[in-house]
*Asks:* 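Pasting a structure here, questions to come.
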Amino acid sequence: MSDLRRALGEAVQAAFAAIGAPPELGRVTASDRPDLADFQSNGALAAAKTLGRNPREIATAVVEKLAGDPRLAAVEIAGPGFINLKVADATLGARADTIAADARAGAETVTEPRRVIVDYGGPNVAKPMHVGHLRASIIGESLKRLYRFRGDTVVGDAHFGDWGYQMGLLIGAVMDESPAVAAVVDAINAGQPGDVAAFNAVTLADLDRLYPEAAARGKADTDYRDRARRITAALQVKQPGYYALWERFRTVTKVALERDFHALGVDFDWWKGESDVEHLIAPMVAELDAKGLLVDDQGARIIRVVREGDKRELPPLLVVSSEGSAMYGTTDLATILDRKREFDPHLVIYCVSPRQAHHFATVYRAAYPAGYAVAGQLEHVGFGTMNGTDGKPFKTREGGVLKLNDMIEMSRDKARARLHEAGLGEDLPAPEFEDIAGKVAVAALKFADLQNFRGTSYVFDLDRFTSFEGKTGPYLLYQAVRVKSLLRRAEAEGHTTGPVTVAEPAERDLVLTLDAFDAALAEAYDKKAPNVLAEHAYRLSQAFSKFYAACPILQAAPAVRASRLTLATAALRQSELALDLLGIAAPDRM
RNA sequence: GCGCCCGUAGCUCAACCGGAUAGAGCACCCGCCUUCUAAGCGGGUGGUUGCAGGUUCGAGUCCUGCCGGGCGCGCCA
């Protein structure tokens, strides 16, 4: 069953059609003036322009057509021609009953499900995740869940960055530092026996430390750089010694990444790396060559992607470097090909830093003539950067990059402290308390991020991120826990739910908010903007909290109590669904 | 230099195809716990939406210019 907004929209659109106005103008939205109405249509104003008639006149004609609709308690014209609709209490009650009985809490599914890949997270070998990965991870995770919930077949792919020049740099750096490792690598490369156990001494901390040094030296020292490139090229043809060491890099990195992702409630269906498409690259290059797309330029092989009418000339896609190596764009193109073969997606969402907008535009333009994708199928969904309170990209007080794991730990510490301060969960067993602290910490981090529109940059302020009052993740958890506690008590006292009767303003507001769920989901889906869903989740919690404060439940008369228990049940289910789509889990108690 | 993004309350952010009185949270002030979890609820203070034009019955939203900030501009990803 559709929500009230859409059901009423159909009625208003029919009324528009009946008076000869374009029916699509009869769109109904939630009212901007809750004091005046529940829903509104602004269509008469737009119709006035196309029909050359007075907007109030049109509104009057539309209102006449709507007269007698039993769902409407009042239909009024306001201002220059707004049509204000107030829904009958009985209609609200019936809608609440429907939502309460629905496992999806009033959410619809898309009519034409698609196959969708969400490429997010952006972890790289040798680099622990830092705060910059937070956005990509949690926005991507939310989009994945949202698309899946709406009925699409969705896979999340971490697209592990494990196959570029940085690997050659690191292999060289590690070998320079450790003669033991170097000896084993050289031996294996030469086809002699070598014990890879020597590689176990290499840790993620080593890689993290060596990488920036090596990258800097690679820029300054051309011999060093050339050597790293040769190693990269050798790795990419799987020279066994380099490859064995690389596997160690990949393993130590993945363990740490999985820990961080797990702590954030982020899971991937595919953990594919750039290296997984390595075998496609040689045939792909041959195919691109055969199609006449490759051009030799400055010793490299490129695809030109310039188009007529470009405001700015896009640089070409580098397919084969002058060293013969595959580049970032090469593996990205091969990944598009791989995904087409493996999954044939209708849509691929790249949830990646907006700094790479040019890069993706270039890769996409190369993919179209290659026949690997069609326009509109590949979409780069960028997000803003996290800045420090000084407006510059976030750094720790020491000037370094804050590791994601450290941030999660800081948030968890704060959650524990605040739980103690508030006297929450202290009588619970220690493992449950820890679980609650973890959920509170993750809710705080995720909601603080997801409530912002993904496209804009925002200020990262740990104190604000781990604040538990006001418009925060913990506020949402707190409301959910209060409902759960209430429902447990109701059950213990033998009370059951019953048909909803709407009487109090707080009850009206709660039902109208519940009704707005599907519209919020649809908008978040269309705009790929989880903040729309986050906003709905917050409004729902707020509406419940007001209801909870204004309407006694357990002490109410039996019929009222049953009605309010139904409302509480529906609110909890929708709230938990919305939280889950944001990647946030609520504890049972705290 | 060229291109893309951004500029909204003291701070951090919203604002549904261009619509009514631009909304939240934080901070600040005033109320509400012997009754379902006060991480809560109610009320209040706070705005020339960077500036100047333009289009429109109507502009935070669209167009132009300017000012300020961020990012990017082929062999790193």
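Values below: all heavy atoms of this structure, side chains included; hydrogens, waters and symmetry mates excluded. By convention in this document, chain letters (A, B, ...) are assigned in the order of the sequence lines, proteins followed by strands, and residues within each chain are numbered from 1. Computed from a predicted model, the values in this text were never measured in an experiment.
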*Asks:* Give A/Tyr548 one of three labels, base, sugar-phosphate or nothing, depending on what nucleic acid heavy atoms sit under 4.0 Å from its own.
*Replies:* base

*Asks:* For each nucleotide in nucleotides 72-77 of chain B, reading 5' to 3', give B when a protein heavy atom comes within less than 4.0 Å of its base, S when such contact involves only the sugar-phosphate, and - otherwise.
*Replies:* BSBBSB

*Asks:* Could you check whether A/Phe82 gets within reach of a base, just the sugar-phosphate, or nothing at all, counting any heavy atom under 4.0 Å?
*Replies:* base

*Asks:* Just checking A/Gln479: base, sugar-phosphate only, or nothing, at a heavy-atom cut-off of under 4.0 Å?
*Replies:* sugar-phosphate

*Asks:* Starting at CZ of A/Phe453 and ending at C1' of B/rU61, how long is that distance when rounded to a whole Å?
*Replies:* 14 Å

*Asks:* For RNA chain B, what dot-bracket results from Watson-Crick or G-U pairs at under 3.5 Å, with [ ] for crossers and | for inter-strand partners?
*Replies:* (((((((..((((.....[...)))).(((((.......))))).....(((((..]....))))))))))))....

*Asks:* Any base atoms under 4.0 Å from A/Leu419, or only sugar-phosphate, or nothing? Heavy atoms, all strands.
*Replies:* base

*Asks:* Taking only the C1' atom of each, what is the distance from B/rU45 to B/rG31 in whole angstrom?
*Replies:* 15 Å

*Asks:* Does any donor-acceptor pair link the side chain of A/Arg27 with the base of B/rC17 at a separation under 3.5 Å?
*Replies:* yes

*Asks:* Looking at A/Glu491, I want to see if its CD is surrounded by more than 12 non-hydrogen atoms of other residues, nucleotides or ligands under 6.0 Å.
*Replies:* no

*Asks:* Check the distance between B/rC33's P and A/Arg482's CZ and give it to me in whole angstrom.
*Replies:* 16 Å

*Asks:* Looking at A/Phe447, A/Phe544, A/Tyr538, A/Phe468, which one forms a ring-ring contact (aromatic ring centres under 6.0 Å, His included) with A/Tyr475?
*Replies:* A/Tyr538

*Asks:* Cation-pi between A/Arg5 and A/Phe39: NZ/CZ under 6.0 Å from ring centre and within 45° of the ring axis?
*Replies:* no

*Asks:* Round to the nearest Å and state the distance from A/Leu45 atom CG to B/rG58 atom P.
*Replies:* 13 Å

*Asks:* Would you please indicate yes or no on a ring centroid separation below 6.0 angstrom for A/His359 and A/Tyr350?
*Replies:* no

*Asks:* Tell me: CG of A/Leu533 to P of B/rA14, nearest whole Å?
*Replies:* 15 Å

*Asks:* What does A/Asp226 touch in the nucleic acid at a heavy-atom separation under 4.0 angstrom: a base, only the sugar-phosphate, or nothing?
*Replies:* nothing

*Asks:* Classify A/Val532 by what it touches in the nucleic acid, base, sugar-phosphate, or nothing, heavy-atom distance under 4.0 Å.
*Replies:* nothing

*Asks:* Measure from CG on A/Leu450 to P on B/rA14 and round the result to the nearest Å.
*Replies:* 12 Å

*Asks:* Within the structure shown, what part of the strands sits under 4.0 Å from A/Ala78 by heavy-atom distance: base, sugar-phosphate, or nothing?
*Replies:* base

